[in-house]
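Counting begins at 1 with the first residue of the sequence.
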Amino acid sequence: MQSSKAWPRYEYKALERPGSQIRIVTICTGKWHEDIVCIMRDYEFDATTPPYETLSYVWGDPLYVWGDSTNARVVEVNKKSFGVTDNLFYAMRRIREVGRPRDFWIDALCINQKDAEEKSRQVEMMGLIFKKCQQVFCWLGEDLTAKLEDSSIPPESLKAQHAFELLRILGSYRHEQAMSVFMLKKGSCLTPTEQATPLFDALVHLLELQWWYRVWVVQEFSLPPRVTFIYASERAPHTLFTAAFDNIWFHVHKCCRADISPRLDDDSIVNKAVVLLLTTVRSITTIRDDVDNNRHLSLKRLRIRLCSSQATDRRDLFYAVNGLSQNTSIRPDYTVSIRTAHARIILEEIKSSRSLLVLTGPRHLASSHRELPSWIAPTDCETLPPGWTTALERMFERTTTYRASTHHDPDVKLVENEHLITKSLDVDKIKHLSIAFIGSDPTPASIRQTLAQWIDMAGLADASSRLNKLASTDSRSNTFWRTLLFDRVLLSDRGTAWDGWFEPSADHDVEMKTFLSSIIHEQLARREHGVETEARPDCIGKGVAQVLPHAQNQETLFPKFWSWKQAFTHLDHRKLFITEQGALGLAPSMAEVGDEVHVPKGSPAPFVLRPAAKGRSNSPRKYTVIGDCYLHGIMDGESVEGRGPEMWETIELL
C-alpha cells in the first residue's frame, strides 16, 4: 500500500545537539487500510522529554536506503514522503490505533541514517533511550499468508495464534506427561499429537524469524521497564516467552531429564522447538535477568553470550550492546574503518577492566583473523555458527581462574590506530609440537591416536611401559594429565547446570590415569590385531563408549567429573608442546616451533607470540599474536612472583 498523496521527499533538519537531543515521531490515528501519517518533532533528552514508547524490529534489506521515497513503502512524515521497508511498514500498521495517536522513538525515522556523526552520537544514547521509554514493542514480523491488503480491519493470523497458544501451554509449569500436546506412548520419541502439530510448526517458524538473531534487539529487549511482543495480529508480554523457557529448561535438565532427553529425536519438530527455546530465547532472556538484578556485564561476556547474533555492520556487534555494558568509555564512531573501530573498542575495554582478559579466546573459529590486528580475538568481532555459546562461556570462565601475571595491571597504548604497545615477560620458547587435536569432529580412532602420540611426546616411555608410568606417582605423569585438563576441572557438569572450575584433586588423579590407561590399552590391542574403528560417534559424549568400550557406565568411570568430555571439548584445535626448558603446555593449532611464550602484563593467561620482522634497533620487538595458551607451572604467577619491575619488556603486537 502506497501513500495516496504525492508529497515531496522528507529532508532532515540537523539536530543542534545530537548528543543530547532526540526526535520523537507521533503515529496519528488511522484505520488498517488508511495511509500512515506521522508528525516528527525534536526534543531535549532530559526530564522534559514527553513520554514515549519504542519499537524493536528487524530492518530488512541491508541495501535499503532509509527515507528514500522510491522504496516500495511510503509513509507521510510532516506532510512529506518517507520510504520504509515492508517490515517496518507492517509494524507501524499494527501498532497504530484508531482512537488515539501514539508517540514513538523508531531509529529508522528518528535518526538521520545518512549523517555518520549524528548516527554515532544517537547510537551512543540508545541504551538510555530504551531504558527511559514507557515500553518497547518487539515486532517479530507479519504473517504474509494473511490477506493483508484485502481487508478494512486488521486481519487475524492463525499461525501467530497457534504459536502463542503453544507457548502458554509450555509455560504452564506442568510435567510433559501432563501436557495435552504430547503423545505419551511409552518408550517412543517425544512427538506432538495430531492436533498439536500445527502449533509446533508455528512456534518453530516464530523462533526462526530474523528478530531473534539480530544483535540490536538484545538491549532493546533488556533495558525497557515493560516489553510486549507482537507477531502479526497477536500480542503478549515477554513473560510468555520467559515462562516457556524456564519451564522447559527445568524439566529437560532437572526433574524430567531421564525421561525427556532420550526421547528427543534430532529430526523431530518437538526437538527443534525445544532447542530453539533453550538457545534462541535463552540468549536474550538471561541477559535481561542480569540487567534486572544489576549483575556486572563486561563487553567480553556480552560478546560471548551473543556470539551467534548478527549485524549488517560488524562495528555494531559492539555498539549494539554498549548500553548493556558497564564500560561507559566506548563511543560509537561510524566515520572510521571496522578495523580501527574494533581496535579502539578493545583498548577501552582493557583500560576499563584493567585486564587483558578480553584478548583471550579461540582463534580458529573465526574467518576474520586476517582482517583484524592479531591481538584482537576474532571470535568477538564476527558472527559464529549457532551452538558455540556454552563452550565459549566455559573456556572464558576457566581463563578467569588463572593469574599468570598476578596482581599487575596492563600497561597499554595504541599506535597507528591498530598496533598495541604493551609490557610483557618472555618466559620460554616452543621446541617440540604435537599434531593438533581436532575435537569438534572426532572419531574414536583419531582420539586414541592423538592422545597416544601426545603420551609418547610427553616422555612417558615407550608403548610397552606406558601404563606403568601412567599408574605411578611420577611427576611427569601428573604434569601430563593436569596439562590435558588445563589444570582445572568442571564440577557438577550436567547439561547446563554447573558449579564452576576448580583445581584437580587426588581423586581426579586416579580417574584421569584410569582414563588414559584405558585409551592406551585399546590402542595397543587394536594395533596388535590390526583393527581401527572409524565409526564417528553421534557426539563427543555418546562416542565415549566407542573410545572406551570396556567402560560400561561412563558416569561410574568418572563419578566426580566428566574428564573425557571436558578434555575432548577443550582440547579442540590445541597442540601439546614442550618448551626449551622442558615445560609442558597446550597451544593453539596455528602455533609453530620457535614461537615464544609470554606473560603480558595484566593478562590472566600466557600467550604464544611469533616474532615478526625486526624494526629499528631502538624500537620494541614486534610480534604476531597466535593466541592464549596453557603452560604448566606458570598459570598462578610462578614466573612473575618475586621479581622486580625490570622483568617487563615493552613489545609491539601487530
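- For the pairing with K423, the side-chain hydrogen bond (donor to acceptor under 3.5 Å, both in side chains) check across D411, T650, D409 returns one residue only, T650.
- When atom types are taken as modelled, the side chain of T360 and the backbone of L357 share a donor-acceptor pair closer than 3.5 angstrom.
- Residues T280 and Y213 bring a donor and an acceptor atom of their side chains to less than 3.5 Å of each other.
- Using modelled atom types, one side-chain atom of S308 and one backbone atom of P385 make a donor-acceptor pair closer than 3.5 Å.
- When W648, F607, W375, Y623 are each tested for a ring-ring contact (aromatic ring centres under 6.0 Å, His included) with H598, only one passes: Y623.
- Under the ring-ring contact (aromatic ring centres under 6.0 Å, His included) test applied with H570, the options F437, F396, W501 reduce to a single match, W501.
- Every residue two or more places apart in sequence or in another chain was checked for a salt bridge (Lys or Arg N to Asp or Glu O under 4.0 Å) with E580, and none qualifies.
- The only option from V412, I376, L356 that meets the side-chain contact (heavy atoms from CB on, under 4.5 Å) definition with I346 turns out to be I376.
- Every residue meeting the salt bridge (Lys or Arg N to Asp or Glu O under 4.0 Å) condition with D333, not counting sequence neighbours, appears here in chain and number order: R344.
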CA sep, side-chain torsions, deciding dist, call: S603, Y402, side-chain hydrogen bond (donor to acceptor under 3.5 Å, both in side chains): CA-CA 9 Å; S603 175; Y402 301 131; over 6 Å; no
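- Ionic pairing of E382 and R314 is not present here: no N-O contact between side-chain nitrogen and carboxylate oxygen is shorter than 4.0 angstrom.
- Test K413, E652, K622 against H419 for side-chain hydrogen bond (donor to acceptor under 3.5 Å, both in side chains) and you get one pass: E652.
- The pair R301-D290 does not meet the salt-bridge criterion, since no charged nitrogen lies less than 4.0 angstrom from a carboxylate oxygen.
- More than 12 heavy atoms of other residues, nucleotides or ligands lie within 6.0 Å of CZ in R295, so this atom counts as buried by the packing criterion.
- With sequence neighbours excluded, the residues satisfying salt bridge (Lys or Arg N to Asp or Glu O under 4.0 Å) with K300 are D380.
- Without hydrogens or angle criteria, S352 side chain to E348 main chain gives no donor-acceptor distance under 3.5 Å.
- Look at R303 and E349 and you find no salt bridge, because none of the NZ, NE, NH1 or NH2 atoms lies under 4.0 Å from a carboxylate O.
- Looking at R488 and E397, no side-chain N of the basic residue comes within less than 4.0 Å of a carboxylate O on the acidic one, giving no salt bridge.
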Is there a side chain to side chain contact (heavy atoms under 4.5 Å, CB included) between L276 and V281? Walk through the geometry before answering. CA-CA 7 Å; L276 286 169; V281 176; over 6 Å; no
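- Remark: the backbone N or O of S309 is paired with a side-chain donor or acceptor of T383 at under 3.5 angstrom.
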